Each structure stands twice: as structure tokens, then as C-alpha cells.
Amino acid sequence: MPAVGSAASSAPSAESRRISDDVAQARHTAMSALTNDRFRVMLEQITDPGASGALMTMRTDAAAGAGTDFKSAQSSYADNSE
């Protein structure tokens, strides 16, 4: 005579299905990022030691002539979040 809980224990739980779905979604997102040219270019830019330091400290890059002060950046973020 089979055990009463054997059918229930062989079926995946809701939690394990959720985890499996999350892993599949993360894999899909990673594969999409790997094939996205805009993401690749952005990743190359932020992994450049000079650029990543400037991003981290929000310093200006005098050689490139780019830069933003804190108030301007804060204002831009506020405008884009509305």
C-alpha cells in the first residue's frame, strides 16, 4: 500500500516552482544582456578605471570636457523620476 504523502512529496512545491521560475528569468535576462549592444557599450564604459572612478565620485572628466555638479545631477534625476 503506497504512503499517503508520497504523491504530494513527489510534486514540486510552490516555493521550488517559484525559485525555478526566478532562475529561468534571471538566465533569460542575462542572455539578453549579453547580446544587447547598448548594454555591452555601457559595460565597457563603466569598467574603464577612469570612467568608473568619475562615476563613483561624480567628478568631472576634464580631458573629455564632461561633467556635472551635484545640484544639476540631482535636478536631472528629479525631472526624470516624475
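If you're wondering where the values come from, they're calculated on a predicted model, not measured in any experiment. What's counted below: heavy atoms across the whole structure, side chains too, no hydrogens, waters or symmetry copies.
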What's the separation between atom CE in Met31 and atom CG in Asn36, rounded to the nearest 0.5 Å?
12.5 Å
Restricting to side-chain hydrogen bond (donor to acceptor under 3.5 Å, both in side chains), what partner residues turn up for Arg40, sequence neighbours left out?
Glu44
Kindly write out the residues that satisfy side chain to side chain contact (heavy atoms under 4.5 Å, CB included) with Gln25, not counting sequence neighbours, or none if the list is empty.
His28, Thr29
Smallest separation among heavy atoms of Arg18 and Asp22, with atom names
NH1-OD2, 2.7 Å
